[in-house]
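These numbers come from the heavy atoms of this one structure, side chains and all, not from hydrogens, waters or symmetry mates.
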Amino acid sequence: SAPTLPLLLPPLPTTTMDIILQTVTDLCPSSGAFFGYMGVAASLVFANLGASFGTAKSGVGLASMGIMKPELVMRNIVAVIMAGVLGIYGLIVSA
């Protein structure tokens, strides 16, 4: 008969905790936390870049409005406030 090769199997878990830890290790790779935190960082960066861009653009429009029609400045300040709210919303969503 042909010679048999020894099977290189990991040792079987013995306790319930070993079974749970082995299942968690199989389902969650070690790079999962890295990519999770990178997603949080990217969402924070992009949300605040968008908020700062919106604040800058609406601030320029508000300054232009202040020169042309000063009586409408308070009405158009809403765009600046909404751009700031976008940054806060990005902070809440990413966390």
| request: Please determine which of Ile77, Leu72, Val73 meets the side chain to side chain contact (heavy atoms under 4.5 Å, CB included) test together with Arg75. | output: Leu72
| query | Could you state the interatomic distance from CG (Leu49) to CG (Leu86), rounded to the nearest 0.5 Å? | reply | 11.0 Å
| task | Check whether any side-chain N or O of Thr55 sits under 3.5 Å from a backbone N or O of Ala51 as a donor-acceptor pair, and report yes or no. | result | yes
| To the nearest 0.5 Å, how far apart are OG in Ser94 and CZ in Phe46? | 12.5 Å
| Going from OG on Ser43 to CD1 on Ile92, what distance comes out if it is rounded to the nearest 0.5 angstrom? | 12.0 Å
| query | What distance separates Asn48 CG from Ile88 CD1, expressed to the nearest 0.5 Å? | reply | 9.5 Å
| field | Interatomic spacing from CE in Met65 to OG in Ser58 - rounded to 0.5 Å | value | 12.0 Å
| field | Closest non-hydrogen atom pair between Leu44 and Gly90, with its separation | value | CD2-O, 4.3 Å
